[in-house]
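Here is the structure we will look at.
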Amino acid sequence: MEHKLRFDGRTVIVTGAGGGLGRAYALAFAVRGANVVVNDLGGSRAGDGSSTAAADKVVDEIIRAGGKAVANYDSVDNGEKIVETAVKAFGRVDIVINNAGILRDKSFSRMTDQDWDLIQTVHVRGSYKVTKAAWNLFRKQKFGRVINTASAAGIYGNFGQANYSAAKLALVSFTETLAKEGVKDNIRANVIAPIAASRMTETIMPPDILASLKPDYVAPLVLYLCHESTEETGSLFEVGAGFIAKLRWERSKGALFKTDESFLPGSVIAKWPEITDFSQPQYPTSMTDTNFVSLIEQANALPSNP
Ligand code: NAD
């Protein structure tokens, strides 16, 4: 096995590292020389309860293999305590992997406020709190790497996951903004939509499929994106089962309308084929990629809408 991509002297926080994907990342970073903070609240898949056992087990595994790791048992909602653990044990933080997660799947009609709020708290506020606590350290040292964890459910929507999909897509735009703000300080942020066998997926996929979906097959991309050599930032990747692909926004050709009293719902119907025509796509990556001044000029020059 090659261990060329090294992380010696770097400190990585992996949230939710007591099992599943987080554990795979923690072990992979440790074997390449990183100091690892193994954070895990140790609760159930739905976010009930807590235990120190999950994080302790992974720390033991790392130390027995000759690596460096400490445990942290706080909820990601207390991100500053997790960063404190890293600074106290290793003197710095270089990489934050926001991975901790829970599920409260229910059809939208049955979903309670509690199901909604808890999912937003763990996924969105948790990723915010840990990143926020590390951010100024990153800026001062002119180095930082952030990985956020989205989901295909967040990108495409999924039955029974209105709470989870909303939270997961929020992490895509959170990442896009972090990437834009961090670039001048050598902070890179990327977001992944993984697929892997874990306690989250073991009830929804058959055993033969789960066998091909090891969390270890997600770790290589995560490590690459966190290395000091990577330039990639603000990107979204689907990853799992040996497949890695980058996603981006695609905008249709679009339609222009004269903005006068002739602009009516019927005008929209008349140009619906143009609005939905992806044969000449654009791939905007920032708000300024849309030149509204030029669009207004072009629209003003049009005859009234039919
Ligand atoms: P997992 O349940 O094995 O791991 C999640 C870990 O997070 C658990 O060990 C849990 O104790 C911990 N955790 C939960 N709430 C926490 C909190 N408040 N503070 C600290 N730790 C907490 O599941 P996994 O499949 O490894 O999931 C990891 C991440 O990947 C999650 O964000 C999940 O939503 C995402 N994801 C996974 C898949 C997949 O196919 N497994 C697909 C899409 C997204």
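Here the structure is a predicted model, which is why all the values come from computation and not from measurement. Whatever order the structure lists them in is the order used to number ligands and atoms, beginning at 1.
A heavy-atom distance below 4.5 Å is found between the side chains of V218 and I192.
For D289, the side chain to side chain donor-acceptor pair (under 3.5 Å) test picks out T285, with sequence neighbours left out.
Close approach to I102 involves these atoms of ligand 1, each under 4.0 Å from a residue heavy atom: 14 (C), 15 (N). Using a 4.0 Å cut-off to heavy atoms of N39, the atoms of ligand 1 that qualify are 20 (C), 21 (N). Of all atoms in ligand 1, numbered sequentially from 1 with element shown, those under 4.0 Å from a heavy atom of G20 are 3 (O), 26 (O). Counting atoms of ligand 1 from 1 in the listed order, those under 4.0 Å from a heavy atom of D74 are 19 (N), 20 (C). Listed by atom number, the atoms of ligand 1 under 4.0 Å from T201 heavy atoms are 39 (C), 40 (O), 41 (N). Within ligand 1, counting atoms from 1 as listed, the ones closer than 4.0 Å to a heavy atom of A196 are 39 (C), 40 (O), 41 (N). Close contacts between ligand 1 and A150 involve ligand atoms 44 (C) [criterion: under 4.0 Å to a heavy atom]. The contact set between ligand 1 and Y164, taken as ligand atoms under 4.0 Å from a residue heavy atom, comprises 33 (C), 34 (O), 35 (C), 36 (N), 43 (C), 44 (C).
Note on ring orientation: taking the six-membered ring where Trp is involved, the planes of F257 and F263 are parallel (angle under 30°, cut-offs 30° and 60°).
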CA sep, side-chain torsions, deciding dist, call: K129, E80, salt bridge (charged side-chain N to carboxylate O under 4.0 Å, His left out): CA-CA 7 Å; K129 288 285 280 179; E80 60 284 350; 3.2 Å; yes
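If you look at R45 next to ligand 1, there are no close heavy atoms at all, none under 4.0 Å.
Residues R92 and D94 are paired through a salt bridge, judged by an N-O separation under 4.0 Å between the basic side chain and the carboxylate.
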